[in-house]
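Below: the structure, in structure tokens.
Just so it is clear, the model here is predicted, and its values are computed rather than measured.
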Amino acid sequence: MKTRLITLIFVGLSTFSIGLAQQTALVNHYNINRFLINPANAGTNGNSLFILNRNQWVDVEGAPETFIGTFDGSVGSTNIAYGVTVMNDIVNIVGKTGVFGTYAYKLPIKESMSLRFGLSVGFEQNKLLFDRVNAQNPLEVTLINNIEQQSNFDANSGIAFNAKNLNLGIAAYQLFANQDMFSDELRHADYSFSFVKHYTGSASYKFFLEENKLSLDPTVVVRFAKQVNPQMDYNLLLNWKDMAWIGGGYRTGYGANFMAGGVFGSRLLGSYSYGRSIGPIQRLSVNSHEIMLGYKFNGIVSRDGDKDGVSDELDKEPNTPEGCPVNIYGIALDDDIDGVPNCKDLELDTRFGAPVDENGIALDGDKDGVIDLLDHELNTPEGCPVDKLGVSTDTDHDGVPDCRDKQINSPFGAKVDADGVALDSDNDGVYDIYDLEPLTPHQKHINSAEPVDASQCIVDEHGIAKDTDLDGVPDCIDLEMNTPKGAMVDAYGRALDTDGDGYPDGIDHEINSPKGAKVDNYGVALPSPNMLDDDGDGIPNAIDLEPNTPKGTPVDDQGRALINPAMVNRLDIKDMDDNSTEWDYYMVVGVFQFESNLKGYRAKLETKYGVKTQVLQTEAGYYYVWTKIVVTKEQAYAENDRLLATNLSEYIVGNPWLWKEPKKK
């Protein structure tokens with residue numbers, strides 16, 4: 001008696017503690033037969049018969065065993081569907097056998113979208129199988145081969161939403177929540193166990209890896225009941241045309257499962273699922289097996305409006321053109337997936353993704369022989385040869401196709417005009433790409449009204465115009481082709497002579513000589529009889545306040561001698577005596593009173609300006625920094641010009657000076 005009592009108590013507790021999964025049968029093949037998971041899915045497989053058998057935890061005595069047989073289909077071409085379910089489910093000593101009939105209705109929302117409702121009502125027999133109990137007390141033989149059973153009506157319901165490849169649903173099971181009573185006549189006690197309401201939610205989607213051929217079908221299922229933790233299923237199938245599949249999943253609290261199956265011929269279906277326990281439960285058992293067989297009666301009950309061999313219920317293309325071969329979904333075969341069925345396609349191997357016309361021929365808008373999908377130049381001029389990418393042949397790569405190019409061998413990289421001819425902006429015969437003087441002067445370039453046409457300028461291979469006198473003006477517009485070297489010229493190469501003394505600017509050492517004055521070979525005006533200067537200090541007698549200043553004495557602008565001893569021997573070059581027997585003349589670039597200042601100053605001159613110097617200490621105690629001793633004016637001017645050419649005046653603040661010192665006797 002003790003054993004029987006313990007057993008009944010265990011049964012009562014187990015229906016709640018592990019009852020979520022085991023009060024309703026657990027199966028894996030709802031991916032293939034969706035009617036198993038929701039009454040609203042009746043008829044979605046066409047007219048089909050399925051038989052499923054599951055052995056869970058095969059190496060455990062009393063482990064769950066499940067058998068389910070279903071037949072469902074549609075009533076003609078109506079929105080009504082039906083189903084019948086026969087099941088036998090045993091968990092330990094609790095068994096359930098039943099038969100349910102299902103009514104379902106599809107409410108179309110719009111094309112490829114519907115809402116389905118389903119209700120199952122049936123009769124079931126619930127059993128306590130005491131013959132499965134291993135009694136420890138031999139005296140309690142009354143338990144052996146004893147089966148307690150009661151019969152009840154029950155119902156299940158569901159609602160499902162279908163939109164193209166998406167399926168959503170929720171279902172409720174054991175709506176009557178039956179409670180069964182059993183009496184212990186020996187102990188005069190009553191025992192009971194209850195079947196609680198269960199709810200199942202599901203979601204699946206078909207992701208096509210290859211249109212209407214290869215897909216990934218994920219499914220998520222959640223089961224929940226009052227006072228019980230929810231249970232989740234996660235499954236993923238790799239599916240080929242619904243003709244073959246392989247995949248796996250995971251069920252919380254149980255473990256992983258693996259599935260594979262397919263259709264044999266055109267109607268017979270077979271599939272197998274293997275379960276592997278994971279976590280603490282694997283200490284109880286590891287292996288579970290489930291097998292399902294099916295047969296599809298497509299066309300026996302349902303209508304086939306377009307006579308393509310696929311019932312309207314399953315046909316996803318109910319108006320397939322007559323005579324077109326279709327797949328299992330009733331969709332006309334389209335081997336190149338261009339949107340035009342094979343039966344109308346005049347080009348069955350169109351490149352994937354290419355736009356096509358109504359006859360399935362890939363579009364070639366510019367008719368260059370390269371379809372638009374591959375054409376990198378969709379508007380090739382008519383008649384132009386193209387490469388394999390549909391780009392017009394352009395031999396010289398100048399951007400102008402050969403069929404329009406008037407210079408097919410333009411220099412690589414040269415800018416060209418609309419006819420593909422390399423540009424020569426100055427018309428000098430040298431292309432701009434090679435021309436170092438791309439705007440060789442023309443009349444239009446110099447903005448002159450004079451009739452000078454430079455389009456025939458003689459240029460070298462670099463496009464630089466010839467300039468015989470090197471005055472910066474090309475010969476073709478130079479009106480004075482023998483300008484003296486160094487002379488400044490105008491835009492037409494004519495030498496400039498500001499003071500009109502016959503010596504061009506740039507050569508003239510005195511560009512403001514008095515008008516009409518005679519000048520020397522440097523353009524410097526010679527003394528005029530009207531400008532007498534008896535003491536030669538540069539101040540005319542008429543305004544000289546000291547007309548007898550000693551020769552060489554520095555004076556102010558009124559001829560008065562300057563008293564600075566450091567300036568006593570400074571003089572202008574024009575005032576020196578050529579080949580003097582009395583004086584030595586120095587070209588001086590610095591005068592210092594203190595010797596300590598000489599070193600840095602001389603170093604700066606040499607490093608920055610390249611001017612080498614020497615030092616002379618005068619009798620007055622000053623230090624002259626000089627570059628050269630000169631004897632004649634010509635030498636003095638030459639040295640002066642040389643020093644100025646080094647930009648030395650930037651540093652010494654003024655021109656180099658001429659100084660004199662008495663010759664040593």
Side-chain angles (χ1 to χ4, degrees), residues 19-56 64-75 80-91 94-106 116-127 149-160 167 169-178 195-202 219 221 223 225 233 269-271 273 290-298 300-302 313:
L20 174 59
Q22 295 303 129
Q23 282 198 358
T24 58
L26 282 180
V27 295
N28 295 334
H29 277 92
Y30 47 74
N31 312 72
I32 311 303
N33 181 8
R34 289 192 288 137
F35 182 41
L36 288 172
I37 201 169
N38 193 326
N41 288 329
T44 56
N45 291 308
N47 299 293
S48 304
L49 173 67
F50 290 97
I51 298 174
L52 179 145
N53 191 76
R54 176 180 176 84
N55 290 316
Q56 185 167 301
E65 300 175 13
T66 302
F67 169 85
I68 301 176
T70 67
F71 178 78
D72 64 305
S74 300
V75 179
I80 298 173
Y82 62 88
V84 177
T85 303
V86 179
M87 53 84 66
N88 184 51
D89 188 39
I90 299 175
V91 180
V94 178
K96 178 189 290 188
T97 302
V99 177
F100 285 82
T102 300
Y103 171 85
Y105 182 80
K106 180 178 74 172
R116 293 174 176 267
F117 305 90
L119 176 65
S120 295
V121 178
F123 178 83
E124 63 185 17
Q125 191 176 63
N126 301 314
K127 308 173 185 179
Q149 61 186 27
Q150 291 187 5
S151 299
N152 305 95
F153 286 97
D154 212 336
N156 310 313
S157 65
I159 184 172
N167 296 286
I170 186 167
Y173 292 88
Q174 302 178 165
L175 295 178
F176 293 175
N178 292 314
F195 291 92
V196 299
K197 295 178 183 178
H198 282 58
Y199 303 94
T200 301
S202 62
T219 302
V221 175
R223 300 179 181 86
D233 283 12
L269 177 151
S271 186
S273 176
E290 180 177 313
I291 188 169
M292 185 174 74
L293 298 176
Y295 187 83
K296 294 193 174 185
F297 299 87
N298 290 351
I300 294 179
V301 178
S302 298
E313 180 66 26

**Request:** Apply side-chain contact (heavy atoms from CB on, under 4.5 Å) to the pair Phe35 and Thr102, showing each step before the final yes or no.
**Result:** CA-CA 10 Å; Phe35 182 41; Thr102 300; 3.5 Å; yes
**Item:** Candidate pair Tyr103 and Ile80, rule side-chain contact (heavy atoms from CB on, under 4.5 Å), full reasoning
**Value:** CA-CA 8 Å; Tyr103 171 85; Ile80 298 173; 3.5 Å; yes
**Request:** Begin with the C-alpha distance, continue with both residues' side-chain angles, and end with the deciding distance and a verdict on side-chain contact (heavy atoms from CB on, under 4.5 Å) for Asn178 and Glu124.
**Result:** CA-CA 10 Å; Asn178 292 314; Glu124 63 185 17; 3.8 Å; yes
**Message:** side-chain hydrogen bond (donor to acceptor under 3.5 Å, both in side chains), that's the test. Do Ser202 and Asn38 meet it? Break it down for me.
**Reply:** CA-CA 9 Å; Ser202 62; Asn38 193 326; 5.2 Å; no
**Request:** Any chance you could lay out the side-chain hydrogen bond (donor to acceptor under 3.5 Å, both in side chains) test for Asp233 and Tyr30, step after step, and finish with the verdict?
**Result:** CA-CA 11 Å; Asp233 283 12; Tyr30 47 74; 2.8 Å; yes
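Checked by atom type, the side-chain pair Asn47/Tyr295 shows no donor-acceptor distance below 3.5 Å.
Residue Asn156 holds its CG atom at 8.5 Å from OG1 of Thr85, rounded to the nearest 0.5 Å. The line from CG of Asn152 to CD of Gln150 is 6.5 Å long, rounded to the nearest 0.5 Å. Remark: Asn33 CG to Leu52 CG distance equals 8.5 Å, nearest 0.5 Å. Note: Leu26 CG to Asp89 CG = 8.5 Å, rounded to the nearest 0.5 Å. Atoms CZ and CZ, from Arg116 and Arg34 in turn, are 7.5 Å apart once rounded to the nearest 0.5 Å. From Leu175, atom CG reaches atom CZ of Phe153 across 15.0 Å, with rounding to the nearest 0.5 Å.
Taking both residues in full, the closest heavy atoms of Ala42 and Ala81 are given as O-CB, 3.2 Å, listed atom of the first, atom of the second, then distance. Of all non-hydrogen atoms in Phe100 and Gly122, the two that sit nearest each other are CD2-N, 3.2 Å. Listed here is the closest heavy atom pair of Gly43 and Ser74: O-OG, 3.8 Å. What you find for Pro39 and Ala171 is that their closest heavy atoms are CD-CB, 4.0 Å. Contact record, Asn31 with Asn28: OD1-O, 2.8 Å, taken as the closest heavy-atom pair.
By the 30° and 60° cut-offs, the orientation of the rings of Phe71 relative to Phe297 is perpendicular.
With sequence neighbours excluded, the residues satisfying side-chain contact (heavy atoms from CB on, under 4.5 Å) with Ser271 are His29, Trp245, Met259. For Thr200, the side-chain contact (heavy atoms from CB on, under 4.5 Å) criterion is met by Ile37, Tyr173, Val221, Arg223, not counting sequence neighbours. Under the rule for a side-chain contact (heavy atoms from CB on, under 4.5 Å), the partners of Ala177 that lie at least two apart in sequence or sit in another chain are Lys197. Checked against salt bridge (charged side-chain N to carboxylate O under 4.0 Å, His left out), Arg54 has the following partners two or more places apart in sequence or in another chain: Glu290. For the side-chain contact (heavy atoms from CB on, under 4.5 Å) test, residues two or more places apart in sequence or in another chain that qualify with Ile51 are Phe67. Residues satisfying the salt bridge (charged side-chain N to carboxylate O under 4.0 Å, His left out) test with Asp154, not counting sequence neighbours, are none.
The side-chain heavy atoms of Ile68 and Met87, taken from C-beta on, include a pair separated by under 4.5 Å. Side-chain contact check for Leu36 versus Phe50: every heavy-atom pair is 4.5 Å or farther apart.
For the pairing with Asn88, the side-chain hydrogen bond (donor to acceptor under 3.5 Å, both in side chains) check across Thr66, Asn53, Thr97 returns one residue only, Thr97.
Looking at Gln125, its side chain never comes within 3.5 Å of a backbone N or O of Ser151 through a donor-acceptor pair.
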